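What you are looking at is a predicted structure, and each value in this text was computed from that prediction instead of being measured.
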Amino acid sequence: MSTSSAPTLSRRRVLSGSLGMAALLGVGSLTSGCGLAGGAGADRSLRLVVTENAPFQEPTRIAQRILEADGWEFNATYVTDIIQPNHAVSNGEYDVNFFQNISYLRQFNADNDLDIEPIFFMFEQPSGIYSAQHDSLEELPDGAQIALPVDTANNGRGIRLLARGGLIEIDESKPVAALSVRDITANPKDLQFIEVDQQSVGQIYADVDAVFGFARLLAEIDVLPDEVLIMESAEEALPFALAVCARPGFREEQPERFEALKSAYHSAEVREWYGEYLDGLLNPAFDRDIDAAWKQVNDA
């Protein structure tokens, strides 16, 4: 993932109210009189930083309507950046963020000496290897160009699928979230790997032999899951489920905020939205055990 490319948004994207990175950088204007900054009514306020992408943004708007109807002050900042949201939560500018999977979070914590934690799951998204030029993995030619996400957590997912498909061999002792091209031990077809921002997969899809991509991003350029060459299993995809995340202790120290937020995000209205978005491509993960999954990711 990268901060340089804005994500491809679905036709359902709501544009109004997007503040972008300028809002994240304007710390003084963001923290005055609400959220963790204190002030009157702080116990009934919530501040969120959310990625400006339909599966995150639209459920947030639904949650906002529910919470405001219940008397909460709700402030969401929508960004395309995937670095600053964790720092902004860690230093108290925001209560929670909603943009990342838990494997990415584990790696980000390790790389930046943070301790952000997931507090509840939102959705799972099937991901796989797709090709505009070839109908099967076996058809990929010698020297084929394969596009993989540049961030470590998602890079390894594509490498693992290529290994499962028999195109390469890898160091099986490495957890998938830590895999990289350096862990390829055999590459008989001399596959060439191009690392790109995960949100740019749709833009490069037609120009390379194959890509590892999220089904939702490819569906937005009319590439459907049944066109995939090889897909992750549900078990393989769980460590990459998307979650709402906060500083340690948020659930225990601010239970009213936590329960209100979770109830709104896990509402029937949000579940219905996911059911309609891209014909139900994304699976709500509301019932998944976030603590067990987080332990599994950190123990890997």
Any sub-3.5 Å donor-acceptor pair from [X]'s side-chain atoms to [Y]'s backbone N or O?
X	Y	answer
T51	T80	no
H266	F121	yes
K189	L140	yes
N109	I116	yes
N155	P149	yes
S267	A264	yes

I want to check something: taking the side chain as every heavy atom from C-beta on, are [X] and [Y] in contact at a cut-off of under 4.5 Å?
X	Y	value
V89	R247	yes
F99	Y104	yes
R216	L278	yes
R251	I290	yes
M231	V228	yes
P239	V176	no
F286	V270	yes
V49	F98	no

Between [Y] and [X], do the side chains contain a donor N or O and an acceptor N or O under 3.5 Å apart?
X	Y	answer
Q100	N86	yes
N53	Q57	no
Y205	S131	no

message: Let's go through D183 and K174 carefully: what are the C-alpha distance in whole Å and the side-chain angles of both, what is the deciding distance for salt bridge (charged side-chain N to carboxylate O under 4.0 Å, His left out) to 0.1 Å, and is it a yes or a no?
response: CA-CA 8 Å; D183 300 305; K174 296 290 286 291; 3.0 Å; yes

- request: Could you please spell out the steps behind the side chain to side chain contact (heavy atoms under 4.5 Å, CB included) verdict for F120 and M122?
  value: CA-CA 7 Å; F120 55 83; M122 284 300 296; 3.7 Å; yes

query: Among N154, I102, V297, whose side-chain contact (heavy atoms from CB on, under 4.5 Å) with F240 holds?
result: N154

message: Are V196 and I221 connected into the same hydrophobic cluster when the rule is that any two of I, L, V, M, F, W, Y join if their side-chain heavy atoms are below 4.5 Å apart?
response: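 I221 and V196: one cluster.
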
query: side chain to side chain contact (heavy atoms under 4.5 Å, CB included) between T77 and V50: does it pass, once the steps are laid out?
result: CA-CA 6 Å; T77 298; V50 181; over 6 Å; no

To the nearest 0.5 angstrom, please state how far the [atom1] atom of [X] sits from the [atom2] atom of [Y].
X	Y	atom1	atom2	value
Y277	L282	OH	CG	6.5 Å
E117	L114	CD	CG	12.5 Å
I230	S136	CD1	OG	11.5 Å
W294	I119	CH2	CD1	12.5 Å
L137	E139	CG	CD	10.0 Å
D115	S90	CG	OG	6.0 Å

Which pair of heavy atoms, one from [X] and one from [Y], lies closest together, and at what distance?
X	Y	answer
L67	A260	CD2-O, 3.5 Å
A54	W273	O-CH2, 3.4 Å
A246	V96	CB-CG1, 3.8 Å
P85	D81	CD-OD1, 3.2 Å
T60	A76	CG2-CB, 4.1 Å
I83	F108	O-CZ, 3.4 Å

- request: Establish, yes or no, whether the cationic atom of R47 lies under 6.0 Å from the six-membered ring centre of Y94 and within 45° of the ring axis.
  value: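 Output yes; distance and angle both within limits.
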
message: Taking side chain to side chain contact (heavy atoms under 4.5 Å, CB included) as the definition, give me every residue that meets it alongside Q145, ordered by chain and number, with sequence neighbours left out.
response: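 By the side chain to side chain contact (heavy atoms under 4.5 Å, CB included) rule, Q145 matches Q192, I194, V208, D209.
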
- prompt: Salt bridge check: are E236 and R157 linked by an N-O gap of less than 4.0 Å?
  reply: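 No, this pair does not count.
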
query: So, are R44 and E256 salt-bridged, with charged N and O less than 4.0 Å apart?
result: yes

Assess whether atom [atom1] of [X] is packed by more than 12 heavy atoms of other residues, nucleotides or ligands within 6.0 Å.
X	atom1	value
E252	CD	yes
D111	CG	yes
Q296	CD	no

field: Between F56 and F123, ring centroids under 6.0 Å
entry: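 Aromatic pair counts; centres sit under 6.0 Å.
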
- request: Please step through side chain to side chain contact (heavy atoms under 4.5 Å, CB included) for the pair I168 and I159, ending with a clear verdict.
  value: CA-CA 8 Å; I168 59 175; I159 292 171; 3.9 Å; yes

query: Under the side chain to side chain contact (heavy atoms under 4.5 Å, CB included) criterion, do I146 and V211 qualify, and how do the steps go?
result: CA-CA 5 Å; I146 313 294; V211 301; over 6 Å; no

